[in-house]
**Q** 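Right, I'll just put the structure down here and ask away after.
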Amino acid sequence: METFPQIISVDDHTVEPPTVWQDRLPSRYRDRGPRIVRAPLKEMTFLGGKFAPVMGAPGDEGPIGDWWVYEDLHRPLTRLDTAVGYDRDEIRLEVITYEQMRPGSYDVPQRLADMDVNHVQSALCFPTFPRFCGQTFTEASDRELGLLSVRAYNDWMVEEWCGPEARGRLIPLTLIPLWDAELAAREVRRNAARGVRAVAFSEIPPHLGLPSVHTDYWDPFLAACDETGTVIAMHIGSSSRMPSTSADAPPAVGSTITFANCCFSMVDWLMSGKFERFPNLRVMYAEGQIGWIPYILERADVVWEENRGWGGVADKVHRPPSELFTEHVYGCFFDDAFGLRNLDAIGAGNVLYETDYPHSDSTWPKSREVGEAQMGHLDPDVVDRIVRRNAIELLGLTEDGLWAP
């Protein structure tokens with residue numbers, strides 16, 4: 001390509017600085033709220049889609065890492081949290097400290113510098129310690145502390161990570177208290193009032209012990225998103241369960257089929273009737289890739305056409321699922337040549353680009369080169385739509401692709 005549009009990445013990640021919650025929680029909660037402790041690693045496994053680290057005691061043998069400690073939770077920073085800049089063969093599941101990670105993972109000026117290197121203008125960032133939809137706070141026992149922690153994260157996200165220093169190049173993505181749909185609706189509206197247009201949510205809530213989208217439990221939250229134009233962003237793994245085939249399957253199995261949760265989730269939404277009840281609702285699937293979408297839409301339409309009578313959806317899904325997809329769903333990819341070869345079956349208006357910085361799958365610092373290689377057969381207007389314009393329209397950015405509260 002002679003020119004390639006500056007990228008608006010809809011799926012990057014922030015590693016929260018150590019003081020996010022200590023600076024914002026009431027003093028009575030700081031000993032139990034999220035905080036960083038430097039400690040040795042006793043053991044750590046990642047099998048069957050389950051991550052299981054064990055923190056050692058002071059003086060124990062083992063590699064030293066920085067750990068988030070919150071109530072009874074001990075979660076280390078790992079090389080997979082911030083892998084960019086390392087040779088692929090050197091990236092292993094190991095604990096690290098802040099000094100051992102790339103500063104752009106947690107520092108705004110350094111992040112902007114790394115975005116410049118990667119031809120990225122703006123980026124929407126998912127959390128690390130709260131996990132992809134804030135389920136860390138949902139699993140905690142103290143609901144008052146959990147709600148304060150959610151709000152503290154959102155305040156940091158809007159006021160600091162996406163604050164003046166970011167110059168509109170970082171786009172806020174906020175969390176909700178998943179355990180209470182009314183509180184969630186209030187948090188959506190609180191953040192929408194300061195210009196936020198994206199909120200993280202679980203791809204499969206029942207995996208978190210929460211009601212499904214087929215119930216009316218989420219309606220207050222969905223109504224708030226519908227009314228404020230807030231996009232529901234679902235990242236792979238936001239159900240705390242990565243796809244796998246067996247308890248002893250190596251991580252490579254799950255990594256190959258990570259799209260599966262997005263696939264299951266999208267069918268849930270298409271068959272839920274929610275898009276007809278909330279016509280302004282939009283959802284996006286971060287890091288799910290897009291190559292699987294055409295077949296699922298074809299199959300969903302066949303099931304709706306031939307089996308909706310006994311399939312339990314005739315009274316709530318009144319249009320072909322593929323039509324609902326076109327109006328309400330966005331697939332996100334960072335490396336999917338197959339999906340781009342089948343773009344006509346997906347729709348150029350339903351595709352967003354991402355770089356996944358600073359994770360191990362990230363195409364940084366070659367996201368432009370990957371995009372040029374995989375989109376070279378497309379019309380420049382289509383490339384611009386995928387790389388920039390869809391995100392600008394979906395996230396309410398300025399014409400220049402910046403966030404303006």
Side-chain angles (χ1 to χ4, degrees), residues 10-11 48-51 126 131-135 138 178 199-218 221-222 231-247 249 251-276 278 281-304 307-308 310-313 316-317 320-334 336 338-339 342 345-347 350-352 354 361:
V10 297
D11 171 32
K50 185 177 180 181
F51 178 48
F126 284 82
R131 310 215 300 282
F132 295 142
C133 67
Q135 59 265 56
T138 301
L178 290 161
V199 63
F201 190 64
S202 174
E203 59 205 349
I204 308 177
H207 286 348
L208 303 179
L210 298 168
S212 78
V213 297
H214 300 290
T215 70
D216 60 4
Y217 172 84
W218 297 107
F221 163 66
L222 301 182
V231 180
I232 296 176
M234 293 172 281
H235 195 285
I236 58 167
S238 56
S239 58
S240 294
R241 187 186 303 179
M242 295 298 288
S244 191
T245 55
S246 61
V253 172
S255 184
T256 302
I257 58 175
T258 51
F259 73 92
N261 280 358
C262 296
C263 173
F264 298 161
S265 176
M266 190 179 82
V267 176
D268 250 354
W269 281 91
L270 293 175
M271 299 298 187
S272 70
K274 299 302 184 185
F275 292 141
E276 295 184 68
F278 303 101
L281 206 59
R282 302 291 185 272
V283 304
M284 55 169 272
Y285 288 99
E287 209 171 319
Q289 312 301 341
I290 60 174
W292 52 273
I293 291 175
Y295 171 72
I296 293 300
L297 293 179
E298 178 183 276
R299 177 60 183 165
D301 278 359
V302 170
V303 170
W304 178 83
N307 301 329
R308 62 179 180 266
W310 64 263
V313 297
K316 58 183 179 181
V317 182
S322 60
E323 290 186 12
L324 297 173
F325 171 88
T326 298
E327 296 177 8
H328 298 276
V329 183
Y330 293 79
C332 311
F333 79 99
F334 57 82
D336 192 340
F338 178 82
N342 293 275
I346 302 167
N350 297 85
V351 175
L352 305 167
E354 58 186 41
D361 265 340

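This structure is a prediction, so every number in the text was calculated from the model and none was measured. Values below: every heavy atom of this structure, side chains too, minus hydrogens, waters and symmetry copies. We number each residue from 1, following the sequence as shown.
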**Q** Report yes if some heavy atom in the side chain of Leu222 is under 4.5 Å from a heavy atom in the side chain of Ile232; otherwise report no.
**A** yes
**Q** Ignoring hydrogens and geometry, is there a side-chain-to-backbone donor-acceptor pair from Asp11 to Ala286 under 3.5 Å?
**A** no
**Q** Please lay out, stage by stage, how Trp218 and Asp216 fare under the test side-chain contact (heavy atoms from CB on, under 4.5 Å).
**A** CA-CA 6 Å; Trp218 297 107; Asp216 60 4; over 6 Å; no
**Q** A side-chain contact here means heavy atoms from C-beta on lying under 4.5 Å apart; do Cys133 and Met234 qualify?
**A** no
**Q** On a heavy-atom basis, which atom in Ala233 and which in Phe126 lie closest, and how many Å separate them?
**A** CB-CZ, 3.8 Å
**Q** Can you tell me how far the OG atom of Ser265 sits from the CD1 atom of Ile236, to the nearest 0.5 Å?
**A** 12.5 Å
**Q** Test Glu327 against Phe275 for side-chain contact (heavy atoms from CB on, under 4.5 Å), laying out the working first.
**A** CA-CA 9 Å; Glu327 296 177 8; Phe275 292 141; over 6 Å; no
**Q** Hey, what do you get for CG (Asp336) to CH2 (Trp292), rounding to the nearest 0.5 Å?
**A** 10.5 Å
**Q** Going by heavy atoms in the side chains, are Trp304 and Glu323 under 4.5 Å from each other?
**A** no
**Q** Going from CZ on Phe334 to CD on Gln289, what distance comes out if it is rounded to the nearest 0.5 angstrom?
**A** 4.5 Å
**Q** Of all the heavy-atom pairs spanning Ile204 and Phe264, show the shortest one and how long it is.
**A** CD1-CB, 4.2 Å
**Q** Taking the side chain as every heavy atom from C-beta outward, state whether Leu297 and Tyr295 have any atom pair closer than 4.5 Å.
**A** no
**Q** To the nearest 0.5 Å, how far apart are CE in Met284 and CG in Leu352?
**A** 6.0 Å
**Q** Taking the side chain as everything from C-beta on, heavy atoms only, tell me whether Leu178 gets closer than 4.5 Å to Phe201.
**A** yes
**Q** For the residue pair Gln135 and Ser239, what are the closest heavy atoms and their distance?
**A** NE2-N, 4.3 Å
**Q** Measure the CG-OG1 distance between Leu210 and Thr138 for me, rounded to the nearest 0.5 Å.
**A** 6.5 Å
**Q** Less than 4.5 Å apart, side chain to side chain, heavy atoms only: is that true for Arg308 and Val317?
**A** no
**Q** Leu324 versus Trp269: any side-chain heavy-atom pair under 4.5 Å?
**A** no
**Q** If you round to the nearest 0.5 Å, how far is NE2 of His207 from OG of Ser212?
**A** 11.5 Å
**Q** Looking only at non-hydrogen atoms, find the nearest pair between Asn261 and Glu203 and report the distance.
**A** ND2-OE2, 2.9 Å
**Q** Counting C-beta onward and ignoring hydrogens, is there a side-chain heavy-atom pair between Thr258 and Glu287 closer than 4.5 Å?
**A** no
**Q** How close do Ile346 and Phe325 get, counting heavy atoms only, and between which atoms?
**A** O-CE2, 3.4 Å
**Q** Which atom pair, heavy atoms only, marks the closest approach of Pro211 to Pro205?
**A** O-CB, 3.3 Å
